Amino acid sequence: MTALYPAGTARPATAAGPAGPVTGPAPTTELTTELTTELITDEEAFAALAPAWGRLFRRCAAATPFQSHAWLHSWWLSYGRRGRLRLLVVRAGPELVAVAPLMLVRRPWPALVPLGGAISDYTDVLLDDTDDGRVAGALTEALAVAARTALVDFREVRPGGAVERVYDRWPGPRRTVGDSLCLELPAVPMEELIARLPSGKPGQRVRAKLRRLAALGVRRRTVDPEEVDAALGRLLELHRLQWQGRKVTDEHLRPRFREHLVRAAGRMVRSGNAVVTEFLVDGEVLGVDLTLLSGSMAGGYLYGAHPSLRERKADVAVMLLEACAEHSGDGQRGTLSLLRGDEPYKHHWRPERVVNRRLLMARRRTAPLLTAALGDATARQRGRELLHRWRERGGQSAGGAEVRPKRAAR
């Protein structure tokens with residue numbers, strides 16, 4: 001179902017709340033057409049948004065690859081639940097100028113949460129960069145109406161995310177808490193990443209590892225769009241092999257994850273929002289990497305490496321970073337993200353620590369839900385701190401298992 005509402009009109013109750021006003025004037029100084037706000041709950045309408053969504057994605061500098069239509073629509077097909085889709089879109093005339101990709105959940109309390117789930121490292125809305133504040137205001141008011149009986153809970157928001165413009169305008173109770181840690185490098189060529197290391201042995205060791213890869217005959221090739229499906233099949237099989245006998249993220253072994261990854265990555269490669277790289281020795285594929293791209297970011301998402309690479313003393317982390325830097329170090333992207341996780345190997349590169357944010361927004365009647373969410377977040381953070389201290393005292397190493405549903409620890 002798609003509901004369309006002109007600016008300044010009232011609309012009927014949504015599945016998450018009763019009637020209320022929708023917003024206001026034109027989205028930018030350049031656009032003079034009337035704003036309309038839509039609540040989309042139909043999967044076919046979601047699919048049909050792809051062209052307009054793609055144009056808006058390119059006009060939103062804060063967007064990460066996880067806000068692309070290919071990623072989120074594919075995720076919904078694999079993980080969504082019928083009747084729960086809640087897409088809020090704002091148009092200026094025929095053009096899309098804002099999207100909040102959400103779904104309704106019932107547990108542990110009623111909430112509107114972003115699409116993408118645990119397998120997405122960042123969540124956000126899309127807002128046109130030319131907006132002077134009116135589109136953000138329109139989206140905020142529409143979201144407040146849609147969430148009248150539910151909490152709005154944005155997990156894993158990267159600092160500077162577009163949804164912060166909604167949060168700043170939110171009319172009711174709101175709170176921000178820390179979420180996952182991400183580690184980030186500048187998007188520069190490999191030589192510049194090496195130059196960031198302390199002078200002396202650290203840089204020498206990396207160059208020695210690169211020479212070792214060359215001596216082993218490791219070469220890489222970028223996979224063509226028509227070969228992506230087969231290459232990702234090899235990636236997942238190699239991923240399974242590299243973690244054989246150790247604790248692996250179960251989701252990576254499930255058919256729904258495979259279906260999502262192949263479906264999303266194929267479209268993203270064709271649109272320039274992903275690159276699949278194969279690593280070959282003597283013509284045999286021994287490694288495959290999936291790097292996701294947006295206008296401002298490159299992020300290594302998932303890889304598979306045959307155990308024989310380690311047996312040959314190939315440094316897989318260096319091999320992957322060199323490939324990722326090649327795709328990000330073109331001067332157009334500002335960030336090479338190592339994505340979520342505090343694995344020790346990442347710190348060798350002297351990355352910046354960037355903590356994602358969790359933005360909680362409620363109406364006055366749903367303030368108790370916000371209080372409950374804050375209490376739950378505090379308890380979980382306390383548990384993580386205790387676990388970290390236990391590991392520091394000699395408990396089980398975090399490196400003994402694949403702890404994130406994405407690029408694993410090396």
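Everything quoted here is computed from the prediction, not taken from an experiment. Only this structure's heavy atoms are used, side chains among them; waters, hydrogens and symmetry mates stay out.
- Salt bridge present: Arg240 and Glu237 bring a charged side-chain N and a carboxylate O closer than 4.0 Å.
- Salt-bridge formation is detected for the pair Asp342/Arg353: a Lys NZ or Arg NE/NH1/NH2 atom is positioned less than 4.0 Å from an Asp or Glu carboxylate oxygen.
- Scanning both residues, Leu309 and Ala305, for their nearest heavy atoms gives CD1-CB, 4.2 Å.
- Looking only at atom types and distance, the side chain of Arg158 has a donor-acceptor partner in the side chain of Thr335 under 3.5 Å away.
- Legend: residues meeting ring-ring contact (aromatic ring centres under 6.0 Å, His included) with His73, ordered by chain and number and at least two apart, are Phe46, His69.
- When the salt bridge (Lys or Arg N to Asp or Glu O under 4.0 Å) test is applied to Glu227, the partners found at least two apart in sequence or on another chain are Arg221.
- Side-chain contact, Arg263 with Ser78: a donor N or O sits under 3.5 Å from an acceptor N or O.
- In terms of heavy-atom proximity, Ala298 sits nearest to Leu293 at CB-CD2, 3.5 Å.
- For Ser294, the side chain to side chain contact (heavy atoms under 4.5 Å, CB included) test picks out Phe57, Pro65, Ser296, Met297, with sequence neighbours left out.
- Contact check on Glu164 versus Arg357 returns a salt bridge, with a Lys/Arg side-chain nitrogen under 4.0 Å from an Asp/Glu carboxylate oxygen.
- By the ring-ring contact (aromatic ring centres under 6.0 Å, His included) test, Tyr122 is found to be paired with no residue, residues two or more places apart in sequence or in another chain being considered.
- Formation of a donor-acceptor pair under 3.5 Å by the Lys346 side chain with backbone atoms of Leu338 is found in this model.
- When the side chain to side chain contact (heavy atoms under 4.5 Å, CB included) test is applied to Arg220, the partners found at least two apart in sequence or on another chain are Thr277, Phe279, Glu322, Ala323, Glu326.
- Classification of Arg254 and Glu251 as a salt-bridged pair holds, one side-chain N sitting under 4.0 Å from a carboxylate O.
- For Asp129, there are no salt bridge (Lys or Arg N to Asp or Glu O under 4.0 Å) partners at least two apart in sequence or on another chain.
- Between the side chain of Gln67 and the backbone N or O of Thr64 there is at least one donor-acceptor pair closer than 3.5 Å.
- Listed by chain and number, the residues in a salt bridge (Lys or Arg N to Asp or Glu O under 4.0 Å) with Asp124 amount to none (sequence neighbours excluded).
- Legend: residues meeting side-chain hydrogen bond (donor to acceptor under 3.5 Å, both in side chains) with His260, ordered by chain and number and at least two apart, are Ser74.
- Of all heavy-atom pairs between Cys324 and Gly300, the closest is SG-N, 4.1 Å.
- Every residue two or more places apart in sequence or in another chain was checked for a salt bridge (Lys or Arg N to Asp or Glu O under 4.0 Å) with Arg84, and none qualifies.
- A salt bridge links Arg358 with Asp153: the closest approach of a Lys/Arg side-chain nitrogen to an acidic carboxylate oxygen falls below 4.0 angstrom.
- For Tyr79, the ring-ring contact (aromatic ring centres under 6.0 Å, His included) partners two or more places apart in sequence, or in a different chain, are Trp75.
- In summary, Glu95 and Arg55 engage in a salt bridge, as defined by a charged side-chain N under 4.0 Å from a carboxylate O.
- In this structure, a donor-acceptor pair under 3.5 Å is absent between the side chains of Glu156 and Thr123.
- With no hydrogens or angles considered, a side-chain donor-acceptor pair links Asp289 and Thr291 at under 3.5 Å.
- Partners of Phe66 according to the ring-ring contact (aromatic ring centres under 6.0 Å, His included) rule, which considers only residues two or more places apart in sequence or in another chain, are Trp71, Tyr301.
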Which pairs would a plain distance check flag for residues 186-193, meaning a side-chain donor or acceptor within less than 3.5 Å of a matching protein atom at least two apart in sequence or in another chain?
from   : atom 1 : to     : atom 2 : distance (Å)
Glu191 : OE1    : Arg207 : NH2    : 2.9

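- Side chain of Asp121 to backbone of Cys182: no donor-acceptor contact under 3.5 angstrom is found.
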